[in-house]
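Here is the structure we will look at.
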2 protein chains.
Amino acid sequence: MVELEGRRRQILRVVIDDYIMTAEPVGSEAARQRHGLDISSATVRNEMAALEELGYLQQPHHSAGRVPTDHGYRVYVDSLVTEERVPPTERLRIRRTLTATEFDQAVEQAARALAVITECASVATTPQLPQQVVRHLHLIPLGPRHAIAVIVTDAEVVEGKTVEFEQPITATECDRLSQEISRRIAGRPLIDLTDGELATVIGQAAHHQRVLDQIGRLLRERFRRLPGRVRTEGQANILKQPEFQDARRAQPVLSALEQAEAVTALLGDGSASREVRVRIGSENVLDELRDCTVVTATYHVAGRAAGAIGVVGPTRMRYGRVIGLVRFLAESLGDTLEQL
Amino acid sequence: MVELEGRRRQILRVVIDDYIMTAEPVGSEAARQRHGLDISSATVRNEMAALEELGYLQQPHHSAGRVPTDHGYRVYVDSLVTEERVPPTERLRIRRTLTATEFDQAVEQAARALAVITECASVATTPQLPQQVVRHLHLIPLGPRHAIAVIVTDAEVVEGKTVEFEQPITATECDRLSQEISRRIAGRPLIDLTDGELATVIGQAAHHQRVLDQIGRLLRERFRRLPGRVRTEGQANILKQPEFQDARRAQPVLSALEQAEAVTALLGDGSASREVRVRIGSENVLDELRDCTVVTATYHVAGRAAGAIGVVGPTRMRYGRVIGLVRFLAESLGDTLEQL
DNA sequence: GTTAGCACTCCAATCGAGCGAGTGCTAATT
DNA sequence: AATTAGCACTCGCTCGATTGGAGTGCTAAC
């Protein structure tokens, strides 16, 4: 990408800044006046025409003001805007709302805070089970032939399912079995246990084959749930944005946000990078989100990427602020989870 | 409420039927023609004027057709419309989508199905933990001074939390403790254990007071979560309805649906009755839902009311169909959960 | 290279006319 | 006494035309 020269650069910034605030096409005179440019409107017009030529701006119709293109926003985000550091008082206020004592609840609170502050929709995944380290697998006897299998991970997430025995089993045997299996799989992240390996590890525990099969399946099922559950908050905020006043525009966006798989994909590609990712308009794979920008970040627990949190709003978004907030909330959420 | 006489009754039904289909004010001539009434439009007009007088219909403006009032819908629901039995093929199709093997997932599937079929938003609560019978409380030792407490109920929902011991404890002791507590609280619904009683029951288990306190608190915390988690599906469907084309109308509705407490209240009052409840427009306590109707039903597991499921849509709703569907899905969900 | 001046474009808001659906009333009909 | 035909009247809605204004692109002067 060609670097933009000083004044042209500044004008692009001014136009986008103005449009983000007003949601109205920006004219040459308006841009000049409202941002104290020391050049004539004619010059501004010339530069704007050039910026349009370059694909950064466009006109909704002839003889209207200019509006940024996705391309323009991209340049803006990459090199024109500076991330706003969240001010201390706001930090404090946000941190105060993160009071949860449970994983899922903490994620919910962080997502909600993000939605409220940005006035956009927010999305987040709960920590991914497969990345968590197994601490223990316990069989709680229910009757002579049934037990509940409980997995305890380092994140203390507990998942349980019934297993059925081929033949009656005593509580003591049940206990021994628990310990044997635990010993074999404890201390490793679930994700490291491949299907084949799992079969071997479990298979060696010999008798009570049926139970072991079931536990194997149970573990494998958890794999499939890889990205954790997904939460969406503040969907209704989309309707506050002027560009989504028409329900027919808003409807596809909200529909997309309701589909867990779609949202997962948004947050997905879970690269462990600590950078904030910004996907603008058509950069999103989802066609329904072609008028939206998605800003996401990964949160980390114990040094490992645990999940992601982000914001979905109109492409006309206060990027500096939102990026700062997403980064801060990802960090805060990580910290909060760390302490649990 | 005064019973309406035959013809007037029929006209009210025709007007509401027509309005539900077209979303347009219904005129005397249109009503007569489209529903094959064997009287003149003048007569229809007279009757409509009378129905307006009685508060069942109203005019958006002078010399427009008639639109039902909340009052009119109430009469319609109570005595004019017959619940549509869901046809066998549709039953089958719906049942096929309920494939979940877990409680929460089953509720989600049922809610989603309801949303898709009715083209409205749907809401549902997951089974209420406090109403579930405790089967077992188990302490899984983590280290010398920590364990995870797991509650297993008849619905096989498992909830875990860490507890800390005052002094080191062996795995065997841990086991004994589990069994002692389990013996005391097993077989009873959580909700029956009042605070006082709980203290007594637990207190008798003597030593390791700190753990017992924590378990007590754990149980009591679950009480507060009485209504189970709440799920909302198909919120975007609201935007498909002609009355919510304006985002400013839709926004408060969607906002309300996002607040778990609000939705809980909607589904709430969990009377164990198996009847479908219909709350029309201003009958809803929530002011944001004054243009909506909420149709809910309780679902039952093992003979006890376990949770609720329902539909939120415009007051102009296909009542016969929706009521039938809500009843059917509550039943189906109950059946599905029963089998788990 | 910059800017003033100007003709031109297009949207958005305003206005009025005409249409059509629908009403309420009155008088005639059954 | 209830029903119906007839009719004047009321609105909201859809147009087309008009107008104002914001904004552009171009040209020529600075």
Side-chain angles (χ1 to χ4, degrees), chain A residues 4-12 14-19 21-69 72 242-243 245-246 249, chain B residues 4-12 14-19 21-69 72 242-243 245-246 249:
Chain A
L4 283 175
E5 161 235 340
R7 188 179 64 185
R8 190 166 290 175
R9 208 175 122 86
Q10 190 191 6
I11 288 177
L12 181 57
V14 159
V15 170
I16 299 187
D17 276 344
D18 199 78
Y19 183 68
M21 285 309 173
T22 64
E24 298 285 324
V26 183
S28 54
E29 185 57 26
R32 199 186 64 85
Q33 276 198 6
R34 277 207 282 271
H35 298 83
L37 295 185
D38 212 20
I39 46 182
S40 79
S41 63
T43 311
V44 176
R45 272 203 294 285
N46 288 334
E47 295 290 25
M48 279 166 119
L51 286 165
E52 178 160 11
E53 192 66 30
L54 290 168
Y56 299 139
L57 296 177
Q58 72 186 59
Q59 293 178 287
H61 49 262
H62 181 56
S63 85
R66 256 62 173 219
V67 160
T69 60
E243 38 269 271
Q245 279 310 294
D246 185 352
R249 258 194 197 296
Chain B
L4 283 175
E5 161 234 341
R7 188 180 63 185
R8 189 164 290 177
R9 206 175 125 87
Q10 189 192 6
I11 288 176
L12 180 58
V14 159
V15 170
I16 299 187
D17 276 345
D18 199 78
Y19 182 69
M21 286 310 174
T22 63
E24 298 286 324
V26 184
S28 54
E29 185 58 26
R32 198 185 66 85
Q33 274 199 8
R34 276 207 283 269
H35 298 84
L37 295 185
D38 213 20
I39 46 182
S40 80
S41 64
T43 310
V44 175
R45 272 202 294 285
N46 288 333
E47 295 290 25
M48 278 166 120
L51 286 166
E52 180 162 9
E53 191 66 31
L54 290 167
Y56 300 137
L57 296 178
Q58 72 186 61
Q59 293 179 287
H61 49 264
H62 182 54
S63 84
R66 255 64 173 217
V67 160
T69 60
E243 38 270 90
Q245 278 311 293
D246 185 352
R249 258 194 197 296

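What you are looking at is a predicted structure, and each value in this text was computed from that prediction instead of being measured. A note on names: the letters A, B, ... follow the listed sequences, proteins ahead of strands, and every chain is numbered from 1.
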Practice item. To the nearest 0.5 angstrom, please state how far the CG atom of A/Asn46 sits from the CD1 atom of A/Ile11. Key: 9.5 Å

Point to revise | Qualifying residues under side-chain contact (heavy atoms from CB on, under 4.5 Å), relative to B/Ala49, sequence neighbours excluded | key: B/Arg66

**Study point:** DNA chain D-proximal residues of residues 60-68 of chain A, any heavy atom under 4.0 Å
**Key:** A/Ser63, A/Ala64, A/Gly65, A/Arg66

Study note, to complete from the structure: Here the helical stems involving DNA chain C, each at least 3 consecutive Watson-Crick or G-U pairs closer than 3.5 Å, sorted by first residue number, are C:1-30 with D:1-30

Revision key, fill the gap. 5'-most contact on DNA chain D (nearest-nucleotide basis), A/Glu29 vs B/Glu47, goes to B/Glu47

Exercise for review: Report the nucleotide, chosen from C/dT23, D/dA5, C/dT2, that has the shortest atom-to-atom distance to any side-chain atom of A/Thr43.
Suggested key: C/dT2

Output the rounded distance in Å from [atom1] ([X]) to [atom2] ([N]).
{"X": "A/Glu24", "N": "C/dA12", "atom1": "CD", "atom2": "P", "value": "9 Å"}
{"X": "B/Leu57", "N": "C/dG24", "atom1": "CG", "atom2": "P", "value": "11 Å"}
{"X": "A/Met48", "N": "D/dG25", "atom1": "CE", "atom2": "C1'", "value": "13 Å"}

Regarding [X], tell me which of base, sugar-phosphate or nothing describes its non-hydrogen contacts under 4.0 Å with the strands shown.
{"X": "B/Ser41", "answer": "nothing"}
{"X": "A/Gln59", "answer": "sugar-phosphate"}
{"X": "A/Arg7", "answer": "sugar-phosphate"}

Review point. Is any N or O donor-acceptor pair between the side chain of B/Arg45 and the base of D/dG6 shorter than 3.5 Å?
Key: yes

